[in-house]
Amino acid sequence: MTWREAGVESPACEDQALGQLARFRDGLYCSLGMRRDALFEICDALACRPERVHMLAELCLEPECRRGHGGLYDALNSGEVRIGRLRRAVDAVPVRRWDDGRIRLACDVSNWLRPDAETSAERLFCHC
């Protein structure tokens with residue numbers, strides 16, 4: 001959630017947005033187990049990268065990731081994520097809503113590059 005979209009204009013709203021971000025980052029960090037520092041840097045590098053990641057070693061080139069590619073692979077192979085704690089951290093983030101109260105979700109379920117891909121009967125393309 002960007003500050004401009006959320007209507008953050010006053011310093012009090014800015015402090016509230018920074019507090020929400022800090023609480024989420026703290027919850028994310030606490031949900032990581034072994035190799036938590038390296039995994040957290042990988043998350044930062046993924047979030048801050050302006051384009052798509054084609055190879056994991058590319059994340060080592062991001063300023064947010066201070067590890068070499070060996071440390072990155074070690075963290076991904078040996079690290080752990082505590083799913084329950086991660087779920088609580090994500091649940092604590094307020095969800096944007098439309099004016100009528102419906103929540104806003106965005107996902108790409110199209111088979112644009114794979115027109116012959118099998119999909120579930122319940123899955124469909126819905127643009128609103």
### Query
Would a 4.5 Å heavy-atom cut-off, applied to side chains only, mark Leu46 and Cys43 as touching?
no

### Hydrophobic cluster membership, Phe24 vs Ile83, 4.5 Å side-chain cutoff
yes

### Query
What distance separates Cys48 SG from Glu41 CD, expressed to the nearest 0.5 Å?
11.5 Å

### Query
Any side-chain heavy-atom pair from Arg25 and Gln20 closer than 4.5 angstrom?
no

### Message
On a heavy-atom basis, which atom in Arg67 and which in Asp37 lie closest, and how many Å separate them?
### Response
NH2-CB, 3.2 Å

### Task
Considering non-hydrogen atoms only, spot the tightest contact between Leu28 and Ser31 and give its length.
O-OG, 2.7 Å

### Query
Quick one: does Cys65's side chain get under 4.5 Å of Asp44's, heavy atoms only?
no

### Summary
Shortest non-hydrogen pair, Leu39 vs Gly79, comes out as CD1-CA, 3.9 Å

### Query
Can you hop from Val53 to Phe40 via hydrophobic side chains spaced under 4.5 Å?
yes

## Note on the structure
What one should report as the nearest heavy-atom pair of Ala57 and His69 is CB-CB, 4.2 Å

### Query
Nearest 0.5 Å, what's the CG-CG distance between Leu86 and Asp91?
9.5 Å

### Task
Provide the closest heavy-atom pair for Arg35 versus Asp74 in the form atom of the first, atom of the second, distance.
NE-OD2, 2.7 Å

### Query
Going from CG on Leu76 to CD1 on Ile42, what distance comes out if it is rounded to the nearest 0.5 angstrom?
4.0 Å

### Query
Does atom CZ of Arg87 have more than 12 heavy-atom neighbours, drawn from other residues, nucleotides or ligands, at distances under 6.0 Å?
no

### Query
With side chains defined as the heavy atoms from C-beta onward, is the minimum distance between Arg49 and Glu58 less than 4.5 Å?
yes

### Query
Are Val81 and Met34 connected in a single hydrophobic cluster, I mean Ile/Leu/Val/Met/Phe/Trp/Tyr linked by side-chain heavy atoms less than 4.5 Å apart?
no

### Message
Please determine whether the number of non-hydrogen atoms from other residues, nucleotides or ligands lying under 6.0 Å from atom CG of Asp100 exceeds 12.
### Response
yes

### Task
Work out which heavy atom in Arg36 is nearest to a heavy atom in Cys30; give both atom names and the distance.
NH2-O, 4.1 Å

